[in-house]
Every structure is written in structure tokens, then in C-alpha cells.
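Since we're looking at a predicted model, the values are computed, not measured.
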Amino acid sequence: MKDEDVVQSPDTGRSDRMPPGQQVTDDWPVLHYGSIPRVDVSNWSFTISGLVEIEQKLNFEQISSLPQEKVFSDIHCVTGWSKLNNYWEGVSAQVIKDLSTALPEAKFVLIHAEKGFKTNLSMNDFLQPDVLFALKHNGETLTAGHGYPVRLVVPRLYFWKSAKWVTGVEFMAKDRHGFWESRGYHNRGDPWLEERYSY
Ligand SMILES: Nc1nc2c(c(=O)[nH]1)N[C@H]1C(S)=C(S)[C@@H](COP(=O)(O)O)O[C@H]1N2
Ligand SMILES: [Mo]
């Protein structure tokens with residue numbers, strides 16, 4: 001892939017790339033609720049459901065053969081660490097939306113992941129050009145701890161929106177809280193506005 005084909009997440013072009021209250025880290029912490037699922041890709045599927053004409057299930061081979069894009073982004077975790085300069089490769093959210101036969105009433109999505117983890121996004125946040133279902137980070141297949149085989153990456157919001165081990169996307173007319181959003185995290189989570197918690 002040529003450099004000019006990389007989607008630059010707009011926040012990487014700021015003169016000061018650190019949002020308020022964040023500290024840069026060079027390593028990459030592994031953070032999540034519960035234990036790390038060990039996913040067998042021969043027995044894995046990605047379900048497109050909710051307000052769609054036809055529910056669809058894609059297996060790993062089908063996801064891998066969709067057009068892949070590359071995104072350059074920073075990571076901002078609500079617990080205070082930021083990791084700059086990440087290259088992601090995978091399937092853009094827009095490609096999944098285009099496949100989805102989603103109905104015009106769909107205004108929100110709920111991302112589903114292994115073990116019942118969920119996170120919610122408005123359609124507008126979901127369809128930004130730097131949002132992707134990533135299979136690779138810095139050229140390498142994701143590790144189990146970081147979400148193998150597929151994780152969502154939403155560069156402009158705090159990293160809890162970037163669900164690891166995704167199993168599908170549900171289109172919805174009304175917003176519904178995900179796992180962290182129903183436990184006091186902000187509904188949207190813009191790091192530049194410090195939308196950390198909802199209290
Ligand atoms: N499935 C799942 N995805 C998840 C979480 C989780 O608990 N389960 N935690 C989120 C949170 S709070 C953070 S900070 C990031 C951490 O991603 P990392 O372990 O790759 O750094 O994953 C997000 N995605
Ligand atoms: Mo987090």
C-alpha cells in the first residue's frame with residue numbers, strides 16, 4: 001500500500017496531539033473487562049443485524065477478502081494513557097454499512113463483541129472515514145490480547161469504543177448503551193472535550 005493511500009485520522013494533524021489530562025506511553029497496555037477470549041477463526045462469524053433488510057453472517061475469509069484500508073491514528077484511553085502513531089489495516093465501517101442493507105431509520109449502531117461486550121455509536125461517528133474493523137496493527141495480525149481476529153477502531157473517541165473481539169454490528173433507530181456506557185462512562189467519549197464519565 002502506498003503512503004498516500006493511508007487515511008490520516010484528522011487528530012494526528014494537530015500541532016498538539018495530546019488531549020487534556022493524557023500522558024503518552026510507548027508501550028501498549030492490554031485493558032478489558034474479563035478474560036481474553038481465544039477465538040478460532042474457522043468457527044467465527046461477523047453478524048450484521050437489527051434494522052436491515054436481510055441479516056447477514058460473514059465468516060473470517062469473507063471479511064478478509066473485502067477491500068482493506070489503512071488508517072493512521074492515535075489512541076486515547078480514558079484511564080489517561082495515549083499511544084501515538086498507530087497503523088491499522090482492515091475493513092472500513094463504510095464498507096460494512098454498504099453491505100448491510102441497513103434501513104434509512106437506522107441512526108445508531110451497537111457493536112457486539114465476544115462474551116457480551118457491547119459499545120454504542122451514532123451513525124455519524126460510525127461512518128467517519130477513519131473508523132475500521134481492524135485485522136492488523138503496525139503490519140502484524142492482532143494479538144489475542146488486543147482483539148484477534150477483528151477489533152473496531154474509532155480513532156476520534158476514547159478507546160473503550162474500540163471494541164476488541166467483535167462479533168457484529170446491529171443497526172438501531174434509537175440509541176442504546178453498551179457495556180461501559182451503562183456503567184458510568186460517557187455516552188460519546190470525545191477526548192478533546194474530556195467526555196470521560198457521565199457523572
Ligand atoms: N470486547 C471488549 N473490547 C474492549 C474492552 C472490553 O472490555 N471488551 N475494553 C475497552 C477498553 S476500556 C479499552 S481502554 C480498550 C483497550 O484496548 P487494548 O487492550 O488493545 O489497549 O479496549 C476496549 N475494547
Ligand atoms: Mo479503557
Side-chain angles (χ1 to χ4, degrees), residues 1 5-11 32 37 39-73 75 86-137 139 141-142 146-181 187-189:
M1 213 176 281
D5 294 333
V6 178
V7 175
Q8 307 273 336
S9 182
D11 291 332
H32 50 267
V39 177
D40 171 5
V41 289
S42 64
N43 191 15
W44 174 91
S45 59
F46 182 97
T47 306
I48 304 175
S49 66
L51 285 179
V52 292
E53 278 170 39
I54 313 161
E55 186 166 308
Q56 296 182 68
K57 272 188 196 294
L58 305 176
N59 62 29
F60 187 68
E61 220 179 286
Q62 290 168 319
I63 284 271
S64 312
S65 54
L66 291 171
Q68 306 285 306
E69 74 163 0
K70 205 165 176 180
V71 170
F72 179 68
S73 86
I75 293 173
N86 301 277
Y87 283 95
W88 306 98
E89 270 175 76
V91 180
S92 77
Q94 185 68 59
V95 165
I96 295 294
K97 167 71 167 36
D98 291 345
L99 274 178
S100 72
T101 67
L103 304 173
E105 302 91 275
K107 296 288 188 280
F108 300 89
V109 298
L110 196 62
I111 305 299
H112 292 258
E114 299 285 342
K115 303 190 176 188
F117 184 85
K118 298 176 181 66
T119 191
N120 55 312
L121 294 163
S122 68
M123 191 66 81
N124 185 54
D125 284 334
F126 180 63
L127 294 182
Q128 294 303 311
D130 54 352
V131 175
L132 80 167
F133 292 92
L135 284 68
K136 290 185 177 181
H137 175 266
T141 300
L142 292 174
H146 289 299
Y148 176 82
V150 181
R151 82 174 299 158
L152 184 69
V153 178
V154 187
R156 297 184 221 191
L157 300 177
Y158 282 123
F159 207 37
W160 84 77
K161 295 287 185 184
S162 294
K164 304 194 276 191
W165 315 295
V166 295
T167 54
V169 52
E170 177 182 350
F171 290 91
M172 314 186 291
K174 288 192 181 144
D175 202 6
R176 251 158 71 201
H177 281 159
F179 180 87
W180 292 113
E181 295 83 4
N187 192 50
R188 178 151 185 266

- Query: Should Val91 and Leu132 count as side-chain neighbours, where that means a heavy-atom distance under 4.5 Å?
  - Reply: no
- Evaluate the side-chain proximity of Asp11 to Arg156: yes if any heavy-atom separation is below 4.5 Å, no if none is. yes
- Carboxylate-amine/guanidinium contact Lys70 Asp5, below 4.0 Å: no
- Task: Please examine the side chains of Met172 and Lys107, heavy atoms only from C-beta on, and report whether any two atoms are closer than 4.5 Å.
- Result: no
- Item | Lys174/Glu105 ion pair, N-O < 4.0 Å | no
- Say whether, by atom type as modelled, one donor and one acceptor occur between the side chain of Ser9 and the main chain of Ser73 under 3.5 angstrom. no
- Does the Asp130 side chain pair with the main chain of Pro155, one donor and one acceptor, at a distance under 3.5 Å? no
- Heavy-atom distance under 4.5 Å between the side chains of Met123 and Lys97, does that happen here? yes
- Message: Let me confirm one number: the CD1-CD1 distance from Ile48 to Ile54, rounded to the nearest 0.5 Å.
- Response: 11.0 Å
- Inter-residue atom distance Arg151.CZ - Trp88.CH2, 0.5 Å rounding: 5.0 Å
- Query: How close do Ala163 and Thr119 get, heavy atom to heavy atom, and via which atoms?
  - Reply: CB-CG2, 4.2 Å
- Check Ser45 against Lys57 and note the closest heavy-atom contact, atom names and distance. OG-CD, 4.0 Å
- Message: Would you say the ring centers of Phe171 and Phe108 fall short of 6.0 Å from each other?
- Response: no
- Item | Contact check, side chains of Gln94 and Glu69, non-hydrogen atoms, under 4.5 Å | no
- Task: Supply the atom-to-atom distance Trp165 CH2 to Phe117 CZ, rounded to the nearest 0.5 angstrom.
- Result: 9.0 Å
- Ring geometry between Phe133 and Phe126 (parallel below 30°, tilted from 30 to 60°, perpendicular above 60°): perpendicular
- Message: Within the 4.5 Å heavy-atom criterion, are Ile96 and Leu66 side-chain neighbours or not?
- Response: yes
- Task: Output yes when Asp125 and Arg188 qualify as a salt bridge under the 4.0 Å nitrogen-oxygen rule, no when they do not.
- Result: yes
- Verdict with supporting geometry, Leu157 and Leu121, side-chain contact (heavy atoms from CB on, under 4.5 Å): CA-CA 10 Å; Leu157 300 177; Leu121 294 163; 3.7 Å; yes
- Message: Could you measure the distance from the CD atom of Glu170 to the CG atom of Asn120? Nearest 0.5 Å is fine.
- Response: 11.0 Å
- Please test Gln56 against Ser100 for side-chain hydrogen bond (donor to acceptor under 3.5 Å, both in side chains), starting from the C-alpha separation and ending with a verdict. CA-CA 7 Å; Gln56 296 182 68; Ser100 72; over 6 Å; no
- Message: Between Tyr148 and Leu135, is there a side-chain heavy-atom distance shorter than 4.5 Å?
- Response: no
- Query: Can you tell me how far the CG atom of Leu110 sits from the CZ atom of Arg176, to the nearest 0.5 Å?
  - Reply: 5.0 Å
- Query: How long is the gap from NE2 on His112 to OG1 on Thr47, to the nearest 0.5 Å?
  - Reply: 9.0 Å
- Of all heavy-atom pairs between Ile111 and Val166, which one has the smallest distance, and what is that distance? CG2-CG1, 3.6 Å
- Do you know the tightest heavy-atom contact between Pro149 and Leu142? O-CD1, 4.0 Å
- Message: Just so I know, are the side chains of Phe46 and Thr167 near enough to count as touching, which here means a heavy-atom distance under 4.5 Å?
- Response: no
- Query: Does the side-chain hydrogen bond (donor to acceptor under 3.5 Å, both in side chains) test come out yes or no for His32 and Lys164, once each step is laid out?
  - Reply: CA-CA 9 Å; His32 50 267; Lys164 304 194 276 191; 3.1 Å; yes
- Identify the two heavy atoms, one from Leu58 and one from Trp44, that lie closest to each other, and give their separation to 0.1 Å. O-CZ3, 4.2 Å
